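Scroll down for the structure; my scribbles are underneath it.
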Amino acid sequence: EPEVTQTPSHQVTQMGQEVILRCVPISNHLYFYWYRQILGQKVEFLVSFYNNEISEKSEIFDDQFSVERPDGSNFTLKIRSTKLEDSAMYFCASSRDREAYEQYFGPGTRLTVT
Amino acid sequence: LAKTTQPISMDSYEGQEVNITCSHNNIATNDYITWYQQFPSQGPRFIIQGYKTKVTNEVASLFIPADRKSSTLSLPRVSLSDTAVYYCLVGVNQAGTALIFGKGTTLSVSS
């Protein structure tokens, strides 16, 4: 069964540093997403991406965040200058259809900002 | 976006059937009802989706009454590995591009 993969599984960084989280969505999916989950809290939507541009972003996705699909397989989330409150699990997801009910999530990257 | 209410937690024993009910009084006509499962330190996983009546797959059944103001996820004969958080989602956000998760129901299965 095809799956979404994410690297690294765990990233530790210092406050103010830039991080790039990587994802490989399922190959025939066209819609891509990033979510995050702070420990013990809800899964929160960050951004959706289609046809090489952002479809929608949440209030969390401020100017410190950016997404990119640098080639035909990878989908990245960059945080330009990390803050302590960015510490969370970051999940990449993809879907085949625009009606985003059935999304396939990756295993996540645990980001720890010290 | 319809507000959902589901129990914070439930306990069960192996082999029992578990029913998790979600209420969504202000569901819109074109909203589908979707359930996701999340194990600790893993991403959510799609379980089942329905619009009305009953849907069954290899994992679970979803019962939706005619008024669609609630839905019940039924897990037959649970095992320890079904211990997880279960989320009831109704519709997507206004732009149709995001899942909006609530706090979910933490199901604990013991032997």
Side-chain angles (χ1 to χ4, degrees), chain A residues 1-6 9-10 21 23 25-26 29-51 53-61 67 88-112, chain B residues 1-9 22 24 27-52 55 57-60 62 64 68 71 73 84-106:
Chain A
E1 183 180 318
E3 57 183 23
V4 175
T5 59
Q6 290 186 243
S9 57
H10 191 189
L21 310 183
C23 168
I26 294 173
H29 286 186
L30 300 176
Y31 300 87
F32 314 117
Y33 317 85
W34 284 100
Y35 293 81
R36 80 170 186 190
Q37 187 173 32
I38 295 170
L39 188 63
Q41 297 189 25
K42 297 187 295 186
V43 176
E44 301 174 290
F45 168 73
L46 294 178
V47 66
S48 57
F49 190 87
Y50 169 71
N51 199 28
E53 61 182 28
I54 291 174
S55 303
E56 186 183 8
K57 56 186 180 181
S58 71
E59 292 177 354
I60 303 168
F61 194 89
V67 288
M89 280 288 279
Y90 287 81
F91 296 109
C92 173
S94 68
S95 68
R96 189 183 56 198
D97 302 314
R98 186 189 183 280
E99 285 293 315
Y101 293 100
E102 187 171 354
Q103 296 183 15
Y104 291 78
F105 284 75
T109 292
R110 180 170 297 284
L111 177 65
T112 302
Chain B
L1 196 65
K3 177 176 162 53
T4 60
T5 303
Q6 53 183 123
I8 294 174
S9 64
C22 177
H24 28 80
I27 187 169
T29 304
N30 58 346
D31 283 341
Y32 280 76
I33 299 157
T34 311
W35 286 79
Y36 277 76
Q37 173 192 56
Q38 185 180 26
F39 298 113
S41 298
Q42 293 188 28
R45 183 175 79 107
F46 173 89
I47 302 176
I48 198 166
Q49 177 183 300
Y51 184 79
K52 61 181 178 181
V55 180
N57 63 20
E58 64 278 5
V59 176
L62 179 59
I64 305 168
R68 302 197 335 116
S71 58
L73 176 74
V85 180
Y86 292 83
Y87 300 97
C88 165
L89 289 78
V90 175
V92 289
N93 71 335
Q94 196 165 9
T97 62
L99 297 171
I100 305 300
F101 288 85
K103 294 184 178 179
T105 297
T106 299

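This structure is a prediction, so every number in the text was calculated from the model and none was measured. Throughout, protein chains are lettered first and strands after them, A, B, ... in sequence-line order, and every chain is numbered starting at 1.
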Open item on the list: Under a 4.5 Å cutoff for heavy-atom pairs, which residue among A:Tyr50, A:Tyr31, A:Tyr35 has the most contacts with chain B?
Closed with: A:Tyr35

TODO: Answer with side chain, backbone, both or neither: which region of B:Gln49 has an atom nearer than 4.5 Å to a non-hydrogen atom of chain A?
DONE: side chain

Task: Stepwise side-chain hydrogen bond (donor to acceptor under 3.5 Å, both in side chains) check, B:Thr4 with B:Tyr87 - done: CA-CA 10 Å; B:Thr4 60; B:Tyr87 300 97; over 6 Å; no

TODO: Please say which of A:Tyr33, A:Tyr101, A:Tyr104 ends up in a side-chain hydrogen bond (donor to acceptor under 3.5 Å, both in side chains) with A:Ser95.
DONE: A:Tyr33

Task: Portion of B:Tyr36 that has a non-hydrogen atom of chain A nearer than 4.5 angstrom - done: side chain

- [ ] Nearest 0.5 Å please: distance from the CZ atom of B:Arg68 over to the OH atom of B:Tyr51.
- [x] 4.0 Å

Task: Closest contact, heavy atoms only, B:Ala60 versus B:Ile48 - done: O-CD1, 3.4 Å

Open item on the list: To the closest 0.5 Å, what do you measure between OG (A:Ser58) and CZ (A:Arg36)?
Closed with: 8.0 Å

- [ ] Heavy atoms only, distances under 4.5 angstrom: which of A:Gln6, A:Lys42, A:Arg110 has the most pairs with chain B? Name it, please.
- [x] A:Lys42

Open item on the list: Below 4.5 Å, heavy-atom pairs only: which of A:Glu44, A:Gln37, A:Met89 has the largest tally toward chain B?
Closed with: A:Gln37

